[in-house]
Amino acid sequence: MRSVFLVDDEPFILEGLQTIMEWEKLGLKVVGHASNGEEAFAFLKDHPADLLITDIRMPKMDGLKLIKQMKLIHGELKFIILSGYHDFNYLKQGMKLGIENYILKPINIEELESTLLKINEKWEEEMSLPYSRQEDRDILRLNILSRWVTNNISQEELNHRSQILRIPLDYDSYTVAVLRLLSDPDEDLEEGHEYYGIVVEAYLVSREVVNSQESVICFYDSDYDLILIFGGRKEADKEKERIHEILKDIQLEIWNRLRHHVGITVGSRQTAYTQVHNSYDEAKGLFHNWLVQPGYPVLDIDQLPASDSVQTMPAIDYDLFTNLIIDGHKQEVTLFIEETFQKLLSWEGRMRIDVHNVAIKLILIAKNIEKNADYSHLFSVLFRIHTFEQMRDFVDSMLQEVIDHLAEEEQEVSPAVRQMLDRVQQSYSEEISLKTLSYSMDMHPNYLGQLFQKEMEMTFSEYVNTFRIEKAKHLLLQTELKTNEIAARVGYTDPTYFYRIFKKQVGVSPTELRKMYAVS
């Protein structure tokens, strides 16, 4: 049964189309609908349909642009345009795009049904005719392979198309590998034509490497990842070793020719062609859950550590780190980052989210010390990072920036305010106030308070509380001390007052914060 997707910004038309037509009698099934082209494209690029029926004038992305976009990634998709406007220019553009019909609203049901019957006849002809032009065969093959690995094709259609396109479905096992070009996270290329061009070049290199291997199918998916499907036999020994050797050859050849590093993941071996999507999902998921390691080794799901053998996360001295940032020791900070990431790399159980959390925590500790910290660059780049080395270098560069900013901030304050800041950092656990400072600095407390507020844009007591609460957060997350003990360590003799200040600044109580970050 062929699938149909409906797009119209008028809800009553969407509802009417779904109920007024006897789709099943026509061998069709409505698999979804959307109210604009952007929403439709987001769904269809990963869940291809056979027929798209769309309005033209819609918000966000109109029907013509949607058709152009879909033709690029699903060349076999057929189109019917609905429109409330008898506009010859729209009709002309639609005809150029190869639409099946341009139907005016209100919709003539007989005309729509007649169009659907003609489209069915076309499908029958296409199923029986061999594809003579190589370009047509390539487009069709890419479409069929993409739908195969995403489990969006019927077994009947896959069997038929596999004979025309010589896609082998008679192997005893299938294993999917995913190759991803590792771009610089600061260069947001993945949405542009430049990145697509490099992917095509890498695809051609990969195809050349596996050309003599009849059991290897090579293509690229809608995310522009290179996909390799390896067919295997029951009697084949060391199947995964053979796969890894081929993948390393491709990786080396892409580097030699294109000077691009490639991350590689491999899913599990599946014993039926109908289960290929399981191996594909696993291989894609490894990029989401793990960072590519130094040296770019193949990450194979069958070689991951068993969950019951995972070690505990290595200890990280966040207090030492905080002091290094405050003191502005750039080289020591770089060394601390290198040692921390080496610990994480040696930790057998570390997943991407663990490394992310450590990276974010280090950056936030440093950023929270700045007066007017900018967090925008942090998250825009962080989630485009693919490798361990990229993550380490990104964290180090962010921290070096923070130290430079803090040095600039220090130069902006007067010697008296600098002395007050130093005293808080050194003696925050003791009683400290404008009055006690005024004695040692031989200055009037009112003058000191006004000077501090003018230069720091907060009162002295607000700064002391902020500094103490930051220290308390570190102790809560990194030690097993009781809340009362932590309160005393950071300078609060009254636990109730500490609790009130903590919740006001952090938004949750000390106990709630500790539970939020507790290791499960």
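These numbers come from a predicted model, not from an experiment.
With sequence neighbours left out, K435 forms a side-chain hydrogen bond (donor to acceptor under 3.5 Å, both in side chains) with no residue at all. Under the salt bridge (Lys or Arg N to Asp or Glu O under 4.0 Å) criterion, K284 pairs with D221, D223, D225, sequence neighbours left out. Not a single salt bridge (Lys or Arg N to Asp or Glu O under 4.0 Å) links E15 to another residue, sequence neighbours left out. In terms of the salt bridge (Lys or Arg N to Asp or Glu O under 4.0 Å) criterion, D494 has no residue partners (sequence neighbours excluded). For D327, there are no side-chain hydrogen bond (donor to acceptor under 3.5 Å, both in side chains) partners two or more places apart in sequence or in a different chain. Evaluation of the side-chain contact (heavy atoms from CB on, under 4.5 Å) rule for I403 yields I325, K330, V333 as partners, not counting sequence neighbours. Q303 pairs by the side-chain contact (heavy atoms from CB on, under 4.5 Å) definition with H244, D300, not counting sequence neighbours. Under the rule for a side-chain hydrogen bond (donor to acceptor under 3.5 Å, both in side chains), the partners of S509 that lie at least two apart in sequence or sit in another chain are E512. Applying the side-chain contact (heavy atoms from CB on, under 4.5 Å) rule to Q453 yields the partners T459; only residues at least two apart in sequence or on another chain are considered. Qualifying ring-ring contact (aromatic ring centres under 6.0 Å, His included) partners for H33, counting only residues two or more places apart in sequence or in other chains: none. Partners of Y447 by side-chain contact (heavy atoms from CB on, under 4.5 Å), not counting sequence neighbours, listed by chain and number: M443, H444, L451.
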**OP:** Please assess T54 against D8 for the test side-chain contact (heavy atoms from CB on, under 4.5 Å), listing each intermediate value before the final yes or no.
**Re:** CA-CA 6 Å; T54 180; D8 202 298; over 6 Å; no
**OP:** Go through F388 and V355 one step at a time and tell me if the side-chain contact (heavy atoms from CB on, under 4.5 Å) criterion holds.
**Re:** CA-CA 9 Å; F388 223 82; V355 184; 3.9 Å; yes
**OP:** May I have the step-by-step check of side-chain contact (heavy atoms from CB on, under 4.5 Å) for D55 and M58, ending in yes or no?
**Re:** CA-CA 7 Å; D55 190 12; M58 296 180 293; 4.0 Å; yes
**OP:** Check step by step if side-chain contact (heavy atoms from CB on, under 4.5 Å) holds for L181 and Y224.
**Re:** CA-CA 9 Å; L181 295 178; Y224 298 143; over 6 Å; no
**OP:** Just do the side-chain hydrogen bond (donor to acceptor under 3.5 Å, both in side chains) check on Y492 and N465 with the steps written out, would you?
**Re:** CA-CA 10 Å; Y492 292 100; N465 280 326; 2.5 Å; yes
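When all heavy atoms are compared, the tightest approach of P59 to D9 is CD-OD2, 3.7 Å. Minimum interatomic distance between V210 and I246 (heavy atoms only, all atoms of both residues): CG1-CG2, 3.8 Å. In terms of heavy atoms, W290 sits closest to R350 at CZ3-O, 2.9 Å. Minimum interatomic distance between A472 and F502 (heavy atoms only, all atoms of both residues): CB-CE1, 4.3 Å. What you find for R489 and S429 is that their closest heavy atoms are O-CB, 2.9 Å. Taking each heavy atom of L399 and A366 in turn, the nearest pair found is CD2-CB, 3.5 Å.
Under a 3.5 Å cut-off, the side chain of D396 and the backbone N or O of R392 do not form any donor-acceptor pair. Formation of a donor-acceptor pair under 3.5 Å by the N289 side chain with backbone atoms of G285 is found in this model. Between the side chain of D354 and the main chain of M351, a donor-acceptor pair closer than 3.5 Å is present. Remark: side-chain polar atoms of R207 are not paired, donor with acceptor, to backbone N or O of C218 under 3.5 angstrom. No side-chain donor-acceptor contact under 3.5 Å links K343 to the backbone of I316. A donor-acceptor pair under 3.5 Å is formed between the side chain of E485 and the backbone N or O of K482. Side chain of S427 to backbone of V424: no donor-acceptor contact under 3.5 angstrom is found. Remark: the backbone N or O of F394 is paired with a side-chain donor or acceptor of S397 at under 3.5 angstrom. Q270 contributes no side-chain N or O that, together with a main-chain N or O of V176, makes up a donor-acceptor pair within less than 3.5 Å.
Side-chain rings of Y174 and F230 stay apart, their centers remaining 6.0 Å or farther from each other. Between F452 and Y463, the ring center distance clears the sub-6.0 Å criterion.
Between K473 and E470 there is a salt bridge, since at least one side-chain N of the basic residue sits less than 4.0 Å from a carboxylate O of the acidic one. Salt bridge annotation for R242-E245: absent, with no cationic side-chain nitrogen under 4.0 angstrom from a carboxylate oxygen.
Side-chain contact between R352 and H288 is absent, with no heavy atoms from C-beta onward closer than 4.5 Å. With a 4.5 Å cut-off on side-chain heavy atoms, T175 and K240 count as touching. Side-chain contact between V178 and I227 is present, with heavy atoms from C-beta onward closer than 4.5 Å. You'll find the side chain of F498 stays beyond 4.5 Å of the side chain of T493, heavy atoms only. Side-chain contact between I217 and W148 is present, with heavy atoms from C-beta onward closer than 4.5 Å. Counting heavy atoms from C-beta outward, L204 and E201 have side chains that stay 4.5 Å or more apart. Put simply, the side chain of E38 does not reach to within 4.5 Å of the side chain of L66, judged on heavy atoms.
A donor-acceptor contact under 3.5 angstrom links the side chains of R269 and S173, judged on distance only. S35 and E39 form a side-chain donor-acceptor contact under 3.5 Å, judged by distance and modelled atom types alone. In the model, R423 has no side-chain atom that pairs as donor or acceptor with a side-chain atom of T436 under 3.5 Å.
In this structure, CD1 on I264 lies 4.0 Å from CD on Q251, to the nearest 0.5 angstrom. To the nearest 0.5 Å, atoms CD1 (I153) and CG (L145) are separated by 9.0 Å. Taking OH of Y499 as the reference point, atom OG1 of T496 lies at 10.0 Å (rounded to 0.5 Å). Taken to the nearest 0.5 Å, the CD1 atom of I254 stands 4.0 Å off from the OG atom of S206.
For the pair R257 and W255, the cation-pi criterion (under 6.0 Å, within 45° of the ring axis) is not fulfilled. For the pair R180 and F287, the distance from NZ or CZ to the six-membered ring centre is under 6.0 Å and the angle to the ring normal is within 45 degrees.
Every pair passing ring-ring contact (aromatic ring centres under 6.0 Å, His included) that includes a residue from residues 314-333 is listed here, sequence neighbours excluded: F321-F336.
Taking a 6.0 Å sphere around CG of L252, one finds it holds more than 12 heavy atoms contributed by other residues, nucleotides or ligands.
Partner of V216 under the side chain to side chain contact (heavy atoms under 4.5 Å, CB included) criterion, out of L228, I229, I250: L228 alone.
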